[in-house]
Amino acid sequence: MLKTVKGEDGQRRCAWCEAADFPEYRRYHDEEWGMPVSDETRLFEKLCLEGFQAGLSWRTILAKRPAFRAAFAGFEPQAVAAFGPADVERLLQDAGIVRHRGKIEAVIGNARALCAMHAQGERLARLVWAHEEPQASEPVLRSESAASRALSKALKARGWRFVGPTTVYAFLQSMGVVNDHAPDCHARARCQEARRALGQNFAP
């Protein structure tokens, strides 16, 4: 069973988010992680940031997220798709982000892949939510799933990079496509209700 801890506010939370020296982790858990998202820019941003996380921790990426947003034009797909070699060199000099050439170039390539999808009338949100799995009554500790493997394959077929099954599963958790809050975490029911509301207003 996934562990929770009781905060000083009396709320039980997934144990991973309680870090005394990094309160942003709790805010991220309470306000974002597991809440369903259908906005194209937010989905694109999260896939890119999960790609940057590969080999690192989400805590590192979350701390750098404001710098990432500034460096990548708010992750607006058309703006990022227009980046060229000079932008890659600029980003490699930006100490506020993770300076990895392959990952930087992948973000630009992924923006172009997304723009190509849009040009063909395909939305990232519809592709992502088409891979929603039946919700288990209790989360299972795992690093990937059948859905993350299928979505990874679909994205790669469309030209995306740094979107392996493990990266994609972390993305599905954070964007609410799967609700992996612990059963007694205070955020689980709220995220589940938000998923139901989204399902009533958004057809993949």
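On a predicted model such as this, the values are computed, not experimentally measured, just so you know. Numbers here simply count residues along the sequence, with the first being 1.
A donor-acceptor pair under 3.5 Å is formed between the side chain of Trp129 and the backbone N or O of Val37. At distances below 3.5 Å, not a single donor-acceptor pair connects side-chain atoms of Arg42 with backbone N or O atoms of Ser38. A donor-acceptor pair under 3.5 Å is formed between the side chain of Arg12 and the backbone N or O of Thr4. Checked by atom type and distance alone, the side chain of Ser152 pairs as donor or acceptor with a backbone atom of Val163 at under 3.5 Å. Without hydrogens or angle criteria, Lys46 side chain to Phe171 main chain gives no donor-acceptor distance under 3.5 Å.
Here His181 and His29 bring their ring centres to under 6.0 angstrom of each other.
Annotation for Leu91 and Arg99: closest pair O-CG, 3.7 Å, computed over non-hydrogen atoms. Asp180 approaches Gln173 most closely through the heavy-atom pair OD2-NE2, 2.8 Å. Counting all heavy atoms, side chain and backbone alike, Ala182 lies closest to Cys14 at N-SG, 3.4 Å. Here the shortest heavy-atom pairing between Pro36 and Leu198 reads CB-CD2, 3.6 Å. Between Leu92 and Ile104, the shortest heavy-atom contact is CD2-CD1, 3.8 Å. Across all their heavy atoms, Ala95 and Lys64 have their closest contact at O-NZ, 3.6 Å.
Atom CD of Gln78 is surrounded by 12 or fewer heavy atoms from other residues, nucleotides or ligands within 6.0 Å.
Note that the CG atom of Leu155 and the OG atom of Ser148 stand 11.0 Å from one another [nearest 0.5 Å]. Interatomic distance, CD of Glu45 versus CD of Glu50, reported as 10.5 Å (0.5 Å rounding). With values rounded to the nearest 0.5 angstrom, Leu172 atom CG is found 9.0 Å from His131 atom NE2. With rounding to the nearest 0.5 Å, the separation of CD1 in Ile97 from CZ in Phe52 is 5.5 Å. We find the OG1-CD distance between Thr167 and Glu144 to be 10.5 Å, quoted to the nearest 0.5 Å. Distance check: Lys6 NZ to Arg13 CZ gives 11.5 Å after rounding to the nearest 0.5 Å.
In this structure the side chain of Ser145 never reaches within 4.5 angstrom of the side chain of Pro165, judged on heavy atoms. The shortest side-chain heavy-atom distance between Phe68 and Val107 does not fall under the 4.5 Å cut-off. A heavy-atom distance below 4.5 Å is not found between the side chains of Tyr169 and Leu151.
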Cut-off 3.5 Å, no hydrogens considered: what does the side-chain donor-acceptor table look like for residues 108-120, sequence neighbours left out?
| from | atom 1 | to | atom 2 | distance (Å) |
| --- | --- | --- | --- | --- |
| Asn110 | OD1 | Arg161 | N | 2.8 |
| Asn110 | ND2 | Ala106 | O | 3.3 |
| Asn110 | ND2 | Arg161 | O | 3.1 |
| Arg112 | NE | Ala81 | O | 2.9 |
| Arg112 | NH2 | Ala81 | O | 3.4 |
| Arg112 | NH2 | Phe83 | O | 2.6 |
| His118 | NE2 | Glu40 | OE1 | 2.7 |

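Considering Tyr25, Tyr28, Trp58 as possible partners of Trp33, the one that fulfils the side chain to side chain contact (heavy atoms under 4.5 Å, CB included) test is Tyr28. Only one option out of Arg195, Arg188, Arg190 pairs with Gln192 in a side chain to side chain donor-acceptor pair (under 3.5 Å); it is Arg195.
Ion pairing of Arg196 with Glu193 is present here, as a side-chain N (NZ or NE/NH1/NH2) and a carboxylate O approach within less than 4.0 Å. Salt-bridge check for Arg26 with Glu8: passed, with a basic side-chain N closer than 4.0 Å to an acidic carboxylate O. Salt-bridge annotation for Arg101 and Glu105: present, with a side-chain N of the basic residue lying under 4.0 Å from a carboxylate O of the acidic one.
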Can Cys48 and Phe72 be said to form a side chain to side chain contact (heavy atoms under 4.5 Å, CB included), step by step?
CA-CA 10 Å; Cys48 293; Phe72 284 97; over 6 Å; no

Audit row: Phe162, Leu47, side chain to side chain contact (heavy atoms under 4.5 Å, CB included) steps and yes/no
CA-CA 9 Å; Phe162 281 92; Leu47 269 173; over 6 Å; no

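Connection of Trp16 to Val5 is not established within any shared hydrophobic cluster, with ILVMFWY side chains joined at heavy-atom distances below 4.5 Å, either directly or through further cluster members. Val128 and Met35 fall into different hydrophobic clusters, where Ile, Leu, Val, Met, Phe, Trp and Tyr residues are linked whenever their side-chain heavy atoms come under 4.5 Å apart, directly or through other members.
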